[in-house]
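Okay, so here's the structure we're looking at.
Keep in mind that this is a model prediction, so the values were computed, not measured. Throughout, protein chains are lettered first and strands after them, A, B, ... in sequence-line order, and every chain is numbered starting at 1.
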Number of protein chains: 2
Amino acid sequence: MAVQGISRDSFGGGTTPLQRDSLQQQIYERLRNRLIAGSFFPGEAVSSRGLAQALDVSAMPVREALTRLTAEGALELTNSRTLRVRVLTPDDFDEATAIRLDLEGMAAIRAAGQATGEDAAAVRRLHRDLIAAAESVDADRYLSANAAFHSGIYTAARWPLLLGMIQRLWLIVGPSIRSSVPDRQHMATSMQFHNAAAEAMEARDATTLRSAVVDDIRTAAINIRASLADEAGDTT
Amino acid sequence: MAVQGISRDSFGGGTTPLQRDSLQQQIYERLRNRLIAGSFFPGEAVSSRGLAQALDVSAMPVREALTRLTAEGALELTNSRTLRVRVLTPDDFDEATAIRLDLEGMAAIRAAGQATGEDAAAVRRLHRDLIAAAESVDADRYLSANAAFHSGIYTAARWPLLLGMIQRLWLIVGPSIRSSVPDRQHMATSMQFHNAAAEAMEARDATTLRSAVVDDIRTAAINIRASLADEAGDTT
DNA sequence: CTCCGCAATCTGTGATCGCAGATGAACCGT
DNA sequence: ACGGTTCATCTGCGATCACAGATTGCGGAG
C-alpha cells in the first residue's frame, strides 16, 4: 500500500496524537523527521489520502505538508501524477554533499564558538546515545541517533536559518543514506569522527570540530555514492 | 488594503494570466520573484483571500503558496493570526548574509568552471541591462536587474539545489534590501563589483568572480544592516 | 489460453463551506 | 458628550466535494 511507511514509527513522538500547533505543521515535522532518520526509502510511494487516513485527519493538512516537502526536494511528482520519495541521481547527491560540506562546516565552526555548557552537555548525551546505538548495530536506531547528534551540534550554533537549510539537505539525502544500509564497518569508521567531534565540542575547538564533521560527511558520502551509482536508473 | 502590494507589478510576466503548471506553483513563483525583486516592504500585510481576489482564483492555491513562503521564512504569522512580510532583525540579516557569502561564493566558483558560451552570453546581456538600469536610477528597475544578473551567474553553475537555496535567501532579504532604498552612491559602488564579476565570468576566472560576488554582498550588507538597525522594533 | 478494451478507482488539484479567534468600529448607556 | 461594550467582519485553518488524467484489473471476444 501507499502508506506502508507509516507503520515504522521510530522517531520523535510516535504515539503522540498530533496536538500542538497547526495540523499541517505537525504532520510536516513528523514526516521530515522520518525522512531525515531514513524511515522512508527512495522511490517509496506516498499519497495524501493514504497518509490522511493513516493519521486520521482530513486530506487538507496532509497535502499542504506534502506540497512543502515536494517543493523542498524531498518528494517528487512522477509523470503519472503520483507522489513518491525522491530518487537521487549520483549528480544530485554530489551537489547535496558539496553544499553540506560547506554549510555543516560553517555550522560546526560557529557551534564551537557559541556553545554554552548546556549545549555541550546535550551533545555529550547525544554522543552517548549514538555510541549505544552503534553498539546495537540497529541501522534504524543508529541513523536516528546520528541525525540527532549532528543536529545537536548545529543547534548550538544558534543560527536557525542555517539549521533549517542543513535539515533541508538531510531531508533530501536521508532516504538515500538509509538505502545504502550502513554496516558495522561503516559505523565503526564514522564513530571515529563522531568521537573526535564530541571531544572538539567539549574543548570548543572550532578547527578540529569542523574537520571531524567534514571528514565524517566526506567518508560516508563515498559509500553512499557508490551504492547510488549501482542502482542508477532503478525507480522501484 | 491588504492587497496593496499587488498593484505594483514590475517583475516577470505581469500581464501573464497564470496558465502553465499548477496554480499554486505559478502563484508561488510570482510572489517569490516579487519578493526577491523587492516589490514588497517588510511588515506589509498579505492575506490569502485578498490575494485570491486580486488574482481572480480561489483561496486554495493562494494559501498553499503563502504557506510555503511562510515556511521558508519570507512571510511571518503575527500573533493576531494575520500574515505579513517578514521583518528581519539585524541578527537575522547577519545570519542570512553569512550564509549568502558562503553559498553565493561557492556558486560563483563553480559557475566559472561550468559556464558555457551561452551562459556567458546571457550574463553579458544581463550585465548590459543592469548598467542601463543603474543609469536610470530607478530603484525598482535596478533591483530587478540586479537580482537577474546574480541569478544568471549562479544558474551557470548548473546546481539547481544550490540555486534554490540561494534564491530562498534572496527571498528573505529582498524586502529589507528594498526598504534600504539604494541610492546613486550605492549603485555606483556596487556596479564596480558587477563589472568585475562580468569580466571574470567572461574570462572564466573563478577566484576573481568569487571575490567580486562576495565583496558586492559584503559592501551592500553594510548599508542595509545600518538601515535595519535604525528602524529596529518598528513593525509598521 | 491469450489479448484487447472498458470501467472502476486511484492520483493530485481546485473550489466551496464552516469554524474559532481577534480586530475595529459603531452603538448604547450614563 | 464620552466611555465602555457588543457585533460585524476579517484572519488562518480544516473538512468536504468536484474534476481531469492515469493506472489497473476485470471481463469478453477471438
Side-chain angles (χ1 to χ4, degrees), chain A residues 1-6 16-31 40 43-87 235-236, chain B residues 1-6 16-31 40 43-87 235-236:
Chain A
M1 248 309 164
V3 268
Q4 53 191 359
I6 284 301
T16 306
L18 303 177
Q19 280 179 348
R20 55 168 205 191
D21 281 332
S22 70
L23 277 177
Q24 96 113 12
Q25 184 66 20
Q26 302 168 48
I27 295 170
Y28 169 80
E29 287 179 7
R30 285 184 57 155
L31 292 177
F40 291 95
E44 181 172 340
V46 176
S47 86
S48 64
R49 285 180 173 87
L51 259 180
Q53 190 173 348
L55 294 172
D56 196 44
V57 294
S58 100
M60 187 80 260
V62 176
R63 27 184 295 205
E64 296 207 307
L66 294 181
T67 298
R68 282 178 55 184
L69 290 171
T70 304
E72 292 174 349
L75 306 179
E76 61 186 357
L77 208 51
T78 70
N79 40 16
S80 68
R81 305 201 337 188
T82 180
L83 221 48
R84 67 175 190 184
V85 177
R86 178 170 172 192
V87 178
T235 57
T236 310
Chain B
M1 250 307 165
V3 266
Q4 53 190 358
I6 284 303
T16 306
L18 303 177
Q19 279 181 348
R20 54 169 204 192
D21 281 331
S22 70
L23 279 178
Q24 97 115 19
Q25 184 66 21
Q26 302 168 48
I27 295 170
Y28 169 82
E29 286 178 8
R30 284 184 57 153
L31 292 177
F40 291 95
E44 182 173 340
V46 176
S47 87
S48 64
R49 284 181 173 87
L51 259 179
Q53 190 174 348
L55 294 172
D56 196 45
V57 294
S58 99
M60 186 83 263
V62 176
R63 16 180 309 202
E64 296 205 308
L66 294 181
T67 299
R68 281 178 56 183
L69 290 171
T70 304
E72 291 174 350
L75 306 178
E76 62 187 355
L77 208 51
T78 70
N79 40 16
S80 65
R81 307 201 334 190
T82 179
L83 220 48
R84 67 176 191 183
V85 178
R86 178 169 172 193
V87 178
T235 57
T236 309

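Remark: P of C:dG12 and CD of B:Q26 are 19 Å apart, rounded to the nearest angstrom. Atom CD of B:E64 is separated from atom P of C:dA15 by 11 Å (rounded to the nearest Å).
Using a 4.0 Å heavy-atom distance criterion, A:L83 is classed as a sugar-phosphate-only contact.
For D:dA22, neither phosphate oxygen OP1 nor OP2 lies less than 4.0 angstrom from any side-chain nitrogen or oxygen of A:S80. B:T82 has no side-chain polar atom (N or O) that falls below the 4.0 Å cut-off from OP1 or OP2 of D:dT11. Between B:S58 and the phosphate of C:dG14, there is no side-chain N or O to OP1/OP2 separation shorter than 4.0 Å.
Judged by closest nucleotide on DNA chain D, A:A59 is the one of A:A59 and A:N79 placed further toward the 5' end.
Considering only side-chain atoms of A:R81, the nucleotide from C:dG12, D:dT11, C:dA15 that sits closest is C:dG12. Checking C:dA15, C:dT11, D:dG14 against the side-chain heavy atoms of A:R49 singles out C:dT11 as nearest. The side chain of B:L77 sits closest to D:dC13 out of D:dC13, D:dG14, C:dG12. Closest to the side chain of A:M60, from the set D:dG14, D:dT11, C:dT13, is D:dG14.
The base of D:dG14 is paired with the side chain of B:R63 by a donor and an acceptor separated by under 3.5 Å.
With 3.5 Å as the limit, one finds no donor-acceptor pair spanning the side chains of A:T82 and A:S80.
Here the straight-line distance linking atom CG of A:L83 with atom CG of A:L69 works out to 8.5 Å at 0.5 Å rounding.
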